[in-house]
Amino acid sequence: MPTAPDTLSEARRLSDHFAALGAQVVKADVLQPADTLLDLYGEDIRARAYLTSDPLRGEMVLRPDFTVPVVQMHMESHAEPARYTYAGKVFRKQETDETRANEYVQVGYEVFDGQNPAAADAEVFAAIANALAGLPVRPATGDIGILTAAVRGLKTTDARKAALLRHIWRPGRFKALLKRYGSGDIPPARAALLAADDPFADAGPDIGLRSRAEVAARIDALRADAAAAPLASEETALIDALLNLRETVPNVLSALADIAVDLPAIGPAVDRMAARMYALSARGVDVDALEFEGNYGRTSLEYYDGFVFGFYSTQRPDLPPVATGGRYDALTAQLGQGRAVPAVGGVIRPDLVVGLTC
């Protein structure tokens with residue numbers, strides 16, 4: 001097992017590697033304000049964050065990752081383009097597996113550059129790959145942007161699209177919604193509620209935080225959903241086809257071109273993926289052997305909204321990913337009060353790197 005000195009030494013090597021690429025070394029406080037920060041993370045990290053109450057600063061959280069505080073810092077600086085690297089501990093509770101670390105070191109590389117997003121994606125991926133050169137790892141890639149574009153292009157109500165988009169990072173819930181919207185079935189309890197002349201007749205006294213007006217508005221929304229036409233079976237089949245893609249990048253692009261004929265909404269996202277493939281190839285990445293999974297990245301951080309990737313041990317499949325990353329343009333818009341800056345980044349766990357070299 002790697003020792004703390006070995007891990008810190010590897011963290012310094014990785015940080016120096018990214019600094020040599022032009023990244024500015026930055027630091028983020030271990031204690032971060034919890035009010036808006038946790039809203040920006042996925043459900044998984046929110047549930048696993050360490051919270052504490054400060055009498056002067058209010059609710060605080062032990063840093064769950066670096067990307068959000070680095071984005072906050074960057075959006076205040078207005079420096080573009082910009083590249084950053086950082087190293088330090090992150091903290092996450094483990095509720096089901098006591099063997100997983102609840103604090104570990106991350107080293108990251110973040111690029112804020114909107115001039116050529118495909119080139120920036122390739123730059124970050126290649127920087128991570130080169131830092132891991134010689135290790136027994138395999139890369140995996142995906143693209144959340146293709147799935148979100150497909151959902152936005154469905155011929156259904158805006159409310160249903162919004163629900164599917166909200167649950168993209170919860171594959172089980174997403175699949176259940178897609179199935180229900182395609183079948184037109186309504187759960188029996190909901191059908192009984194919607195059929196009642198007065199849904200509040202036997203409701204009893206008001207309890208909870210929702211007002212009666214809010215409940216009535218929700219019932220109206222459920223009635224509108226029940227009246228909506230089912231999703232066409234052809235469209236649900238296309239979504240399934242996207243999620244089941246698992247091949248090398250060139251072969252996936254060929255399949256996506258065929259799917260785009262029937263689902264043209266994904267066309268721009270497919271074009272971005274093609275541009276990324278050429279940019280990766282120009283960086284020396286063997287794209288003919290690079291794997292792409294249509295379902296990849298859907299259980300990672302919810303702020304990723306485009307290219308996603310990870311590197312995994314080929315000898316220890318039980319280990320967490322050695323490195324992960326992705327594009328998060330929408331996050332910059334949230335933190336920049338509408339001013340978006342295309343951004344992509346990745347992190348490496350130096351303890352896992354050391355473990356693979358022992």
Side-chain angles (χ1 to χ4, degrees), residues 80-81 111-125 140-158 160-169 174 178 231-232 234-283 285 287 290-298 300-309 325-334 336 338-345:
E80 297 167 23
V111 173
F112 296 78
D113 190 346
Q115 296 177 359
N116 188 335
D121 287 348
E123 175 187 338
V124 170
F125 182 90
T141 66
D143 194 329
I144 299 294
I146 293 174
L147 180 56
T148 56
V151 170
R152 292 190 176 103
L154 293 174
K155 297 180 178 67
T156 189
T157 65
D158 289 341
R160 286 184 169 182
K161 291 179 188 179
L164 288 168
L165 289 169
R166 188 167 60 251
H167 291 291
I168 275 178
W169 292 270
F174 181 92
L178 196 66
L231 271 175
E234 294 82 2
E235 289 197 311
T236 57
L238 289 171
I239 296 291
D240 286 339
L242 284 176
L243 294 175
N244 289 328
L245 287 172
R246 183 164 186 169
E247 249 292 355
T248 59
V249 168
N251 288 335
V252 166
L253 271 172
S254 178
L256 286 172
D258 293 337
I259 294 173
V261 172
D262 297 311
L263 193 56
I266 69 171
V270 175
D271 290 342
R272 288 191 292 271
M273 179 178 166
R276 184 190 312 128
M277 181 184 72
Y278 294 122
L280 286 167
S281 181
R283 288 270 178 180
V285 177
V287 294
L290 185 61
E291 291 185 1
F292 181 97
E293 301 172 27
N295 209 30
Y296 185 76
R298 296 181 64 209
S300 58
L301 294 173
E302 291 181 24
Y303 54 63
Y304 289 143
D305 57 5
F307 178 48
V308 283
F309 64 86
R327 176 160 290 278
Y328 48 87
D329 296 352
L331 178 63
T332 69
Q334 286 180 274
R339 185 181 71 90
V341 179
V344 59

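These numbers come from a predicted model, not from an experiment. Just so you know, these numbers use all the heavy atoms, side chains as well, and skip hydrogens, waters and symmetry mates.
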Worksheet item: Quick one: does Arg327's side chain have a donor or acceptor within less than 3.5 Å of a partner on Pro117's backbone?
Response: yes
Worksheet item: Looking at Ile144 and Tyr296, what are the two nearest heavy atoms and their distance?
Response: CD1-O, 3.9 Å
Fill in: Reported CG-to-CD distance for the pair Asp113 and Glu123, which is rounded to 0.5 angstrom
7.5 Å
Item to complete: Compute both the distance and the angle, then confirm whether Arg283 meets the cation-pi test with Phe125: under 6.0 Å from the six-membered ring centre, within 45 degrees of the axis.
Response: no
Worksheet item: Run the side chain to side chain contact (heavy atoms under 4.5 Å, CB included) check on Leu164 and Leu154 step by step: do they pass?
Response: CA-CA 10 Å; Leu164 288 168; Leu154 293 174; 3.9 Å; yes
Discussion item. Please verify the inter-ring angle class for Tyr328 with Tyr304; under 30° counts as parallel, over 60° as perpendicular, anything in between as tilted.
Written reply: tilted
Discussion item. Walk me through whether Val124 and Phe307 qualify under side chain to side chain contact (heavy atoms under 4.5 Å, CB included).
Written reply: CA-CA 11 Å; Val124 170; Phe307 178 48; over 6 Å; no
Worksheet entry | Identified side chain to side chain contact (heavy atoms under 4.5 Å, CB included) counterpart of Val249 within the set Val285, Leu280, Thr141 | Thr141
Discussion item. Quick check against the 3.5 Å criterion: does Glu293 have a side-chain atom that pairs as donor or acceptor with the backbone of Ala140?
Written reply: no
Worksheet item: Please walk me through it: do Val270 and Leu253 pass side chain to side chain contact (heavy atoms under 4.5 Å, CB included)?
Response: CA-CA 7 Å; Val270 175; Leu253 271 172; 3.9 Å; yes
Discussion item. Quick check: closest heavy atoms across Asp305 and Asp329, and the distance to 0.1 Å?
Written reply: OD1-N, 3.2 Å
Item to complete: Taking Arg298 for its side chain and Ile168 for its backbone only, find out whether a donor-acceptor pair lies under 3.5 Å.
Response: yes
Discussion item. If you compare all heavy atoms of Ala269 against all heavy atoms of Ala149, which two are closest, and at what distance to 0.1 Å?
Written reply: CB-CB, 4.3 Å
Discussion item. My understanding is that only one of Met277, Met273, Glu247 makes a side chain to side chain contact (heavy atoms under 4.5 Å, CB included) with Phe292; could you say which?
Written reply: Met273
Worksheet item: So, for Gly114 and Pro342, which heavy atoms are closest and what is the spacing to 0.1 Å?
Response: CA-CG, 3.6 Å
Practice prompt. Go through the steps for Arg276 and Asp143 under the test salt bridge (Lys or Arg N to Asp or Glu O under 4.0 Å), then give the verdict.
Written response: CA-CA 11 Å; Arg276 184 190 312 128; Asp143 194 329; 3.0 Å; yes
Worksheet item: Closest approach of Gly297 and Trp169, non-hydrogen atoms and distance?
Response: O-CD1, 3.8 Å
Worksheet item: Closest approach of Ile259 and Ala241, non-hydrogen atoms and distance?
Response: CD1-CB, 4.1 Å
